[in-house]
Amino acid sequence: MPAADDVTAVDRHTDLHEPVLAWFDVHARDLPWRSPRCSAWGVLVSEIMLQQTPVVRVLPRWRAWLARWPAPADLAAADTAEVLTAWDRLGYPRRALRLKEAAQAIVDRHDGQVPADPQALRALPGIGEYTAAAVASFAFGIPETVVDTNVRRVIARAVTGIGLPGASLTRAEMRLAQALMPARTDRANRWNAAVMELGALVCTARAPRCDHCPLRERCAWRAAGSPAAQTPARRQAWAGTDRQVRGAIMAAVRADGSVDREGLAAAVAKTGRLGSHRPAPAQWDRALAGLLDDGLLTDQDGRLTFPR
DNA sequence: AATTCGGGGTG
DNA sequence: CACCCAGAATT
């Protein structure tokens, strides 16, 4: 239930709509999943692939994926091994498993049609609050409030006046984002895409191009002198982590089809993906056990392969 | 609320 | 070389 000050916030910020929507009319990228001819399944696949993965890296894999599995039933019937191979180096390969599980659930529960209902979408494997809202809005024109890292950053700066949003999406942020939604359905759906695009192309995390921003004259952060954001907490390093070792093992299996468990270290070294890191035995065990437990690998009498 | 889960382009 | 990217699931 919105408080009185939220209503004030709406009155203060509805004037954001016109500049952002007008900017989007001119500067929106021509992405294939934005085409009116793109299926809901195409939108869903794009949203899964785009989770923590930049657009430019998704584009070629998305095209190949849709050409090979043009409908949920096609992916539901595919071998997991083929799916993991097609996922290639997109990262977070568990997403590929969940996408296949989602396809199976769509066949089982929704007669092979991607559901439009946000709650039904949210119930599918690998689909959280963001992705459910994005598919509902972009594929079906249901004006859910779509809040990704780009939207959070634009609102944090333009409205709240801080350099960067916090580590995790808060209820207050979500309520603010909802209060900023245009009232008309068509504008609300376009607003979702437009704010996201503004964050991706102009209001970027590292070096925002404020000179090109349609909100430069009314941005709260800029009005405050663009104060530096609070120093973010250090993230997990990459070199030497279990994640690096897991990724290297997956790369070895992708390259060779299968790998003898005894020769794992040699096969992985051949991929060159570990750099100078030489995992200790305990780390090999941990990484391998994790991949097996996640269903990303199977061990058939000492041969490691992708599951069928 | 904090962690885990890839990979690669970029300032 | 640190940082970031159309997040989700688990704890």
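The sequence lines fix the lettering, A, B, ..., with proteins before strands; numbering per chain opens at 1.
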Heavy-atom donor-acceptor pair, A:Glu47 side chain to A:Val43 backbone, under 3.5 Å: no

Please work out which residues in residues 39-58 of chain A have a non-hydrogen atom less than 4.0 Å from an atom of DNA chain B and list them by number. A:Gln52, A:Thr53, A:Pro54, A:Arg57

Taking atom CZ as the centre, does A:Arg29 end up with more than 12 heavy-atom neighbours from other residues, nucleotides or ligands that are less than 6.0 angstrom away? yes

Roughly how many Å apart are B:dG9 and C:dA8, using the C1' atom of each and rounding to a whole number? 23 Å

Just by distance, do the side chain of A:Arg94 and the backbone of A:Leu296 share a donor-acceptor pair under 3.5 Å? no

For C:dC3, does the base pair up with any side-chain atom of A:Arg206 as donor and acceptor (N or O, under 3.5 Å, distance only)? yes

DNA chain B-proximal residues of residues 79-92 of chain A, any heavy atom under 4.0 Å: A:Arg89, A:Leu90, A:Gly91, A:Tyr92

With DNA chain B as reference, determine whether A:Arg246 or A:Leu169 sits nearer its 5' end, using the nearest nucleotide of each. A:Leu169

Check whether any side-chain nitrogen or oxygen of A:Arg95 sits under 4.0 Å from OP1 or OP2 of B:dG6, and answer yes or no. no

Contact nearer the 5' end of DNA chain B, comparing A:Thr170 with A:Leu291: A:Thr170

Just by modelled atom types, is the A:Gln51 backbone N or O under 3.5 Å from a matching donor or acceptor in the A:Arg95 side chain? yes

Do NZ/NE/NH1/NH2 and the carboxylate oxygens of A:Glu197 and A:Arg34 come within less than 4.0 Å? yes

Does the A:Asn189 side chain pair with the main chain of A:Asp186, one donor and one acceptor, at a distance under 3.5 Å? no

